[in-house]
Amino acid sequence: MTTPKPAFFSASVKRGADWLRGMGAESDVVVSSRVRLARNIAGYPFLSRASRLQRGEILDLCRERLLTCGISQQMLWVDVHQAPQLDRTLMLERHLISKEHAKGIVPGAAKGDQPMDPGTPIPAGGEARGVAISLPDESVSVMVNEEDHLRLQVLLSGFELSAAYQRINQVDDLIEGRCDKPGGSGRMLEYAFSPRFGYLTCCPTNVGTGIRVSVMLHLPALKLSGELDKMRRATRDMNLAVRGYYGEGSEAAGEFYQISNQTTLGKPEAALLREFEHDIIPQVINYERQARRALLEKRRRLVEDKVFRALGLLRHARLLSPEEAITLLSDVRLGVVTGLVKGVNEQDVNQLILLTQPAHLQRVLGQEMDQNTRREARADLVREKLAS
């Protein structure tokens, strides 16, 4: 078992992230599938009521268990509270940690007990948070001291909810010590559990199974045809959440949306998964594909103009903001998956969406840059990657 230093990010950034590799079922519409579990350790208060000393103890317990229980042959541990701002932003862009985890905000904690400025070294007993990441695929990440003591996540490319669910169940069992794994060791963790309510979590909407199932969808045709609002209203009526590219609290970027369940109490995990896999998401996939076909049949010139105008801008622009880059790359992706654009593949576009984000761009080029310099460098990178 080895635990590389965060410098790992410098070497791994250029290859992108496995969940963006453009593979897996229905990958023309479904970018990625994620299953997340919220867990807390028995005997400790929720983070909103825990002292800094207790949060430090929770971090130590979880670090030891996560690095020794056999989740993956190689696990990377990052003390998020001590990581540089660039590394925290990088992990956020890779969807390995949440915005709240990157900032170190403890939900519900007293104002005077909030973390210090990001990047400041934390003294013993101070604010403590971390993340364990499976290598080399980064499909598993476990945040410690986010909203709950543990947030387990499995993230896979394409429409692969069943595979993600099976994997996260294995990880969950290993952490709690409910299954044996050769080479596994360390102190087992006992989860806070009620026979009546199920797993106990900081937020009432997560009580029960503690599961959050979500998929990231690319829905440019629904937006272009004016049908997106109907889809959003329908999902809200089914008590689902529709969020932006970075999940909760984020706005949609480039017509990428995350759909997830809102509550977990009273609904078995298998039933929730079945509902997502066989009813909800297949309908959204079908709506998007129908919209694409209708646009190509009735408004083909409009779609072609949008796609090739975006491709032309990306191939010739000298300045690009991250927002402009993801919007234009979204349009090009529509052209790729509908067969309009030749010589550019889906994986390349997916990875460019990630590599043009601020932290990744700076890692790729090996230097920290101000905003204006990043706009120049981003345009240079995209022109190089999409050269005709």
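In what follows, every heavy atom counts, from backbone to side chain, and hydrogens, waters and symmetry copies are set aside. The first residue of the sequence shown is numbered 1, and numbering continues consecutively from there. Remember, predicted model here, so these are calculated numbers, not experimental data.
Between Glu288 and Arg292 there is a salt bridge, with a side-chain nitrogen of the basic residue lying less than 4.0 Å from a carboxylate oxygen of the acidic one. For the pair Glu227 and Lys230, the salt-bridge criterion is met [side-chain N within less than 4.0 Å of a carboxylate O]. Electrostatic pairing of Arg94 and Glu138 counts as a salt bridge here, judged by a charged N lying under 4.0 Å from a carboxylate O. One finds no salt bridge joining Arg333 and Asp28 here, because no Lys/Arg side-chain nitrogen approaches an Asp/Glu carboxylate oxygen to under 4.0 Å. We find that Asp172 and Arg39 are joined by a salt bridge, their nearest charged nitrogen and carboxylate oxygen being less than 4.0 Å apart.
Side chains of Gln74 and Ser134: a donor-acceptor N/O pair is absent below 3.5 angstrom, by distance only.
In this structure, the side chains of Val144 and Arg63 stay at 4.5 Å or more apart for every pair of heavy atoms.
Checking each of Val29, Ile281, Ile280 against Val215 for a side-chain contact (heavy atoms from CB on, under 4.5 Å) leaves exactly one that passes, namely Ile281. Screening Asp331, Val307, Leu334 against Val341 for a side-chain contact (heavy atoms from CB on, under 4.5 Å) leaves a single residue, Val307.
For Glu93 (side chain) and His360 (main-chain N/O), a donor-acceptor pair under 3.5 Å exists by modelled atom type. Looking only at distances, a side-chain donor or acceptor of Arg65 sits under 3.5 Å from a matching main-chain atom of Leu174.
The CZ atom of Arg309 sits 13.0 Å away from atom CG of Leu314, with the distance rounded to the nearest 0.5 Å.
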